[in-house]
Number of protein chains: 2
Amino acid sequence: MPGTPAVPAGKRPTLADVAARAGVSTALVSIVMRDAKGASAATRERVLQAAREIGYRPDARARLLRSQRSRLLGVQFGLQHPFHTDLVEGLYAAAEPAGYQIALSAVAAGRGEQRAVESLLADRCEALILLGPQAPAARLAELAGQLPVVSVARRLRPSVPGLEVVRTADDEGARQAVDHLVALGHRDIVHIDGGRAPGAADRRRGYRTAMNRHGLAEHIRILPAGLTEEDGADAARALSADRPHPTAVMAFNDRCATGVLDVFLRAGIAVPDDISVVGFDDSHLARLAHIDLTTVGQDIPRLAHLAVSRAVARLEGDKSPAGEDVITPRLVVRSTTAPPSL
Amino acid sequence: MPGTPAVPAGKRPTLADVAARAGVSTALVSIVMRDAKGASAATRERVLQAAREIGYRPDARARLLRSQRSRLLGVQFGLQHPFHTDLVEGLYAAAEPAGYQIALSAVAAGRGEQRAVESLLADRCEALILLGPQAPAARLAELAGQLPVVSVARRLRPSVPGLEVVRTADDEGARQAVDHLVALGHRDIVHIDGGRAPGAADRRRGYRTAMNRHGLAEHIRILPAGLTEEDGADAARALSADRPHPTAVMAFNDRCATGVLDVFLRAGIAVPDDISVVGFDDSHLARLAHIDLTTVGQDIPRLAHLAVSRAVARLEGDKSPAGEDVITPRLVVRSTTAPPSL
DNA sequence: ACTTGGAGTCCGGGGGACCAA
DNA sequence: CTTGGTCCCCCGGACTCCAAG
C-alpha cells in the first residue's frame, strides 16, 4: 500500500530502512540527511523521497554518540520562578544562533537540584547553565571540574575554580532601589530579605550600604523572609502589626513583593499611598498591569546571551581562567512607589 | 596520582576506563553499574570504587540506544503558562513511579510547537504529552500515527485516530461559573472568550448553555479575546466603556482574568463590589493572595497522572482504541465574586 | 553444578579510506 | 583527478553465549 507511512509496529525507521527503500547504501543516506556533499541532486531527491515516505527521522542520540560533540547545553531552572522562565526563553534565543541546543531540567517540588543536574549529565550535555543554583559552592566546584558550568544570578567567590558567573550587580540594584525611595522622601525603609537565596546577601549588603550613605543607619531594618510569595506575605504580616508602619519596603524579588502587596491590600494599607513597595527582577510578574510593580530590572536577554556565550567560549577551547560578567541593573519605576504621605 | 579525579581533558570516562582501572572486563562493569546479578560482592565494591575515583557516569543515550526502549516521555509545554508549569510539576511526579523520565520542550516566543515537537522526536521519546496543543488536528493525527500522543487540556474529535485525550470538562466548568454567579444574583454576565485557544470553544458553549438555562438568553455577550493577560486587559477596556457595566465577567482563564482585574482596578471599578470576576484553571496565579481569584479549578495532579497513565498504557502494549478522560472541574470561590450591588 | 568473568555482537549513525566511472 | 557512492570500523554501553574457576 504505497503512500502509507509504513510504521512497522512501533519500530522507528532507521538509515538502513531508508537505504533499502531507495536502493542505496546507508552511508549515502547519511550523507543526504546531513546535507553533506557527495551525492548527486537526483539521488538526493530519491533518498529524501524515500525518507519522507517511511517517516524517517534521524536519531539525535545515536548521532551524538558517534560525533563526540553533543552541542547540548543543559539548563537547570525553577519551574515556578517567572524570572527563570523568562531567562529560559532568552537562552533558547541565544543558543540557536550559536549552533547549540538546549536541554531543560526543572527544579520543582519533589525534584531537587541534584536530580535535575544528574539527568542533564546523563544526557551528555557539554556544559551546564544553572539558574539561581542553591547548591553548596563545593558541589558547584566539583561539577566545574567535570565540565564547563555557568552560574546565572548567583555570585560565587572567584576561588571556586572553573566556574563561570553571569549575574546582575545585586548590591547596585539594591542601592538604586534605596536611592529611588530616598529621593521620593522616604527614610523609614525596610528590607524584606531573601535569606539564603542566590543574590540575597548582596542585595542585603547593598541596602545596608545605601542606607548608611544616606545617613539612615538607625532606620536599617531587615526582615528575614525568602523568595516566594508566601515568604513575602509572612513578612508583611509581621510588618503591618507595627505602629507606625515603615513608609517603604524593598522586597527581595518580585514574587516576594507580590506577597507583600497582597497582605497590605487586605490589611487596608494602601500602596503606594501608605507604603511604597519595590521588587527585584522585573519578571513577567512585575509587568502584569494588575501588579505594576516598581522593581529593579535585570537585563534578562543580556544575562541569557552572556551565559550562552561563556559556555560556548569554554567549549570552543577558550583556555582563559573562568570569569564573571556583572550586569548593571536598571530601576523600572511603575506604580507601587510614591512620596510618603506626611 | 591516585585520588585525583583523572578527567583526561574533556573526555568523560566510559565503561572501559572503569574496567581498566578495576582490572576487569567492561561487561562486568556493566553488570555492576546496572546492579544486575553476576558479580561477587567483593568485585562489585572494587568496581564501584574505581567508578567513583574517575567520576564515571553512565551515558544515558548510549544505554537507550542499545536497549531500544528510551522510557522517555516527551512533554511540550508553554513556558509562560502557569497552568502548564503546574502540570509539568505533576508530570514529573507521576512519571517517576511509573519508571519513566520526562523530556521537556518549551514553546516560547520564537519557538513554535513544530520545533518543540521535532526536538522531542529526535530525542527518541517514546510518547508525546502535549499541553494545550494548538496545532491543527491533522498534524496531531499524523503524529499519533508515529507514536502514542496524549493531548492534555484540548478536546479533539474522537475521529482523530490514535490520539489520547485528557481534559477537564470545560463546558461543565463554564456552567459552574455561571451557576455560581447567578446564585449570587447576577444576570448580566459577560464571557471574555479565549478565541481559538484549546478549551475555548467548550467554555464558550458551556457559558451559552448555562445562560440559556437560566433564562438569561438576552444577556449573553461574548467578547473575543485570548489567553494572555493582555488579551484580557483589552477586553476589559472595551467593557469598562460600557454603561451600564455588566455585573459579572467570566474570563477564559486565570491569565486573562488577571488582565481584566488590572484594568478594572485602574478604571476605578471595584472587584467584587462593582463587578465580579471568575477565572479558569486555578493555577498558581489565581492562588496568589494578591489576586485571590475565584476560578474554575482544574484538578492538575489528576490530569498529570492520567496523561502519564495513558501514555504508559499505550507503550506497554494496551491495544484498545485511543480514549479520553474527562475530569470534572470544581469551582474555587475566592474573593473576586460577590452579589451584585443593586 | 554453580558462580564469576570474558569475548563478541548489536543498537543507529558518522566519517575516512577506497573504488567506480 | 573529480564526482558519486560504498565499505568498514568506531562511538558507549548492554546482552547473549561460553569458558574458566
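Given the structure is predicted, the values throughout are model-derived calculations rather than measurements. The sequence lines fix the lettering, A, B, ..., with proteins before strands; numbering per chain opens at 1.
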What's the [atom1]-[atom2] distance between [X] and [N], to the nearest Å?
X       : N      : atom1 : atom2 : result
B:Arg66 : C:dG13 : CZ    : P     : 16 Å
B:Leu15 : C:dC11 : CG    : C1'   : 15 Å
A:Arg12 : C:dC11 : CZ    : P     : 15 Å
B:Leu65 : D:dC11 : CG    : C1'   : 9 Å
A:Arg71 : C:dG14 : CZ    : P     : 14 Å
B:Asp59 : D:dC11 : CG    : P     : 13 Å
A:Leu28 : C:dC19 : CG    : P     : 18 Å
B:Leu64 : D:dG12 : CG    : P     : 16 Å

By the 4.0 Å heavy-atom rule, please label B:Arg44 as base, sugar-phosphate, or nothing.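 It contacts nothing in the nucleic acid.
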Electrostatic pair [X]:[Y] at N-O distance under 4.0 angstrom:
X        : Y        : answer
B:Arg52  : B:Glu45  : yes
A:Glu142 : A:Arg139 : yes
A:Glu89  : B:Arg111 : no
A:Asp35  : A:Arg44  : yes

Both distances under 3.5 Å, Watson-Crick or G-U wobble: report the partner of C:dC18, or none. D:dG5
Under-4.0 Å side-chain N/O to phosphate OP1/OP2 contact, [X] with [N]:
X       : N      : value
A:Ser30 : C:dG14 : yes
A:Ser40 : D:dG5  : yes
A:Arg34 : C:dG15 : yes
B:Tyr56 : D:dG13 : yes
B:Thr14 : D:dG12 : no
B:Arg63 : D:dA14 : yes

Judged by nearest nucleotide, the residue sitting upstream toward the 5' end of DNA chain D, A:Ala41 or A:Ala27, is A:Ala41
Mind listing the closest non-hydrogen atom pair of A:Gln76 and A:Leu120 along with its distance? N-CD2, 4.1 Å
